[in-house]
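Just below is one structure, and these are the notes that go with it.
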Amino acid sequence: MTVFIIRRLLQSVVVVAVMSLLVFVGVNIVGDPVDMLINPEADQAEIERVIRDLGLDRPLHEQYGYFVVNALQGDLGDSFIFGQPALQLIIERMPATFELAIAALLLAVVLGIPLGVLAGLRPDAGWSRTIMAGSILGFSLPSFWVGIMMIMLFAVMLGWLPSTGRGDTVPVLGVEVSFLTRDGLSHLLLPAINLSLFKLSLVIRLARAGTREAIHQDYIKFARAKGLSETRVVLVHLLKNIMIPVVTVLGLEFGGLVAFSVVTESVFAWPGMGKLIIDSLHELDRPVVVAYLMIVVLMFVIINLVVDIVYSILDPRVRLQDTRA
Amino acid sequence: MTVQAEQRPGTGLEAAPRPEDVSVETPFRRFVSDFLESRIATVALAVFAVIAFIALFAPWIAPTDPYDLAQVSVLDSHMPPGSTAFDGRVFVLGTDGAGRDLLSAIFYGLRISLGVGVMSGIIAMAIGSVVGLAAAYFGGRVDTVIMRIVDIQLSFPSILVALVLLAVLGKGVDKILIALITVQWAYYARTVRASALVERSKEYIDAATCLALGHRRILFRHLLPNCLPPLIVVVTVQTAHAIALEATLSFLGIGLPITEPSLGLLIANGFEYMLSMKYWISVYPGVALLITIVSINLVGDQLRDVLNPRLQK
């Protein structure tokens, strides 16, 4: 067990190190921020001073060395545009992104499981086919286009909901959230639905497959034979058992929601970290891009590490296989 | 992500038993007749054929060349669908902000979107198949290392991998191709490895080994052809995925440059006019994108059912 955890930990460290090198070196070769950031009318001395201030005059490997040492201390450099620490910028925008991702996840579960179970119980009914066709569309449609269509329909044509921004926020435990104000909630609704569509389709499929499998199991037959009402069989006996795969997958997919929020945030101008990185990419604000990518990669590496370890505890075969290889 | 999700449910259970054909039945003929059994898939295939035709011959069938400045007039900008220009031309789908005929722009956009998607799919398939075959054939440490890399990569969502690469590489057709190939190759490697592992232990491979044939010959002439069926399914799903991803990245302004106006860029251009009710500029390119992706996915769905040995009658 210890060997397994150490191996996985080392592997995670290697992944992060490779990523940091790739991202840092790559981002520093593309584009020249000096041209973009310095007033074209500045004289030579001014230009040189700014270059020195930003540390752009040093050789790349030295810049990377500073980057690593500073990164380990939580300092990922200052944004060229905002003049603030990049890490702070991202952390400031993190609550907005997480709020959006959690709302999307909740929507996917709350709508997806009932729809999937219904489709699984009566696979040949017309509405079951409609649900499944909808889930195929949810998989196929590019989410940015669906977002645009939602803005056109609900914001422009019907005028029911706002299309951009976060609305009024209230602080909860020091973190600004939108979902507690009426205005904030109306701003949250469209982006959350947009982001959840893909996961919703996934949950519907999982719940449907699980239901179709479980419905023929002995414990369901037994529950029915006991004379329990159909509602109780479905809500208690069936639901409990199909929740296991659904919860596992959703735990893994949360990171995906954060990554894909890049698209939704750009469409709905949601002020989260996804919109920040796209803006920073356009403005060649390298420290922010590097910091965002490092944070998200780190997040994924940690999620995967935890999942691997939990799996290996639950299923010893996983770690045996790994230690032998 | 799509692949894993789409493989889960047991479709095809509804298929009715097929009457025995009287004519001589080659495997290919059986494959074709099995495929055509589904009306939706047949229609999807026909639709895709039309789209591919439009993409291939866009310069000859488009009403105008939207990027020839001599044929475009700013006076025609923002015209709704069906309006007539002062020189008598009819803009079936309207015009965009620069006065370009939207139908023609969509034809040209399809050409770029489909081209990038299909090309990345083919290259990724080539790379992924070779790597997957090698992993299965040589086994041992090679296999462990390759599959660990595949696993690590697949644990990141495609958009994040693409984002990292495009942040590093910048914009451009070659760059987006690299990003799309990197996103896809691991799926091919995993699929080919899985089926090659099964095939490797079969007798014809033993026979080929006993004949002292070279590694390369065994790999590509004996092993690879027998791993093709699942690969074909992955190609369709992944190509649709690549087209959608390219459109997304281009929409975000970090994919293709403005000189390569793919459907994603057309939609992004139209987005700014959305709030002034000029819906057609981004709706119609989106519909074209949608039809393309859905038709490829439907064809892939049916291919999976037809090529799945467990569902064969």
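Throughout, protein chains are lettered first and strands after them, A, B, ... in sequence-line order, and every chain is numbered starting at 1. Note that this is a predicted model, so its numbers are computed, not measured.
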Which atoms of [X] approach chain A - backbone, side chain, both or neither, heavy atom under 4.5 Å:
X        : result
B/Val287 : both
B/Ile152 : side chain
B/Ala240 : neither

For the [atom1] atom of [X] and the [atom2] atom of [Y], what is their distance to the nearest 0.5 Å?
X        : Y        : atom1 : atom2 : result
B/Asp151 : A/Gln11  : CG    : CD    : 8.5 Å
A/Ile277 : B/Leu160 : CD1   : CG    : 8.5 Å
B/Ile159 : A/Ser143 : CD1   : OG    : 7.5 Å

Q. Does the side chain of A/Trp145 reach to within under 4.5 Å of the side chain of B/Leu263, using non-hydrogen atoms?
A. no
Q. B/Asn297 versus A/Ile136: any side-chain heavy-atom pair under 4.5 Å?
A. no
Q: Just jot down the salt bridge (Lys or Arg N to Asp or Glu O under 4.0 Å) partners of B/Lys175, sequence neighbours excluded, or say none.
A: none
Can you name the closest pair of heavy atoms from [X] and [Y] and give their distance?
X        : Y        : value
B/Ile293 : A/Pro142 : CD1-CG, 3.9 Å
B/Leu289 : A/Phe144 : CD2-CZ, 4.2 Å
B/Ser158 : A/Phe260 : OG-CZ, 4.1 Å
A/Val267 : B/Phe251 : CG2-CE2, 3.5 Å
B/Val283 : A/Met149 : CG2-CE, 3.4 Å
B/Pro157 : A/Ala259 : CG-CB, 3.6 Å

**Q.** side-chain contact (heavy atoms from CB on, under 4.5 Å) assessment of B/Leu163 paired with A/Val262
**A.** CA-CA 10 Å; B/Leu163 216 55; A/Val262 167; 4.0 Å; yes
Chain B contact via [X] - which portion, at a heavy-atom distance below 4.5 Å:
X        : value
A/Ile303 : neither
A/Leu281 : side chain
A/Val258 : neither

Q: Among B/Gly140, B/Pro285, B/Ala247, single out the residue with the greatest number of heavy-atom pairs under 4.5 Å to chain A.
A: B/Ala247
Q. Looking at B/Leu252, B/Ile296, B/Leu245, B/Leu165, which one has more heavy-atom pairs under 4.5 Å with chain A than the rest?
A. B/Leu252
(Q) Going by the rule side chain to side chain donor-acceptor pair (under 3.5 Å), which residues pair with A/Thr97 if we only count those two or more places apart in sequence or in a different chain? (A) A/Glu265
Q) Hey, which of A/Val296, A/Val301, A/Ile148, A/Ile278 has the most heavy atom pairs under 4.5 Å with chain B? A) A/Ile148
Q: Give a yes or no on this: more than 12 heavy atoms of other residues, nucleotides or ligands lie within 6.0 Å of atom CD1 of B/Ile40.
A: no
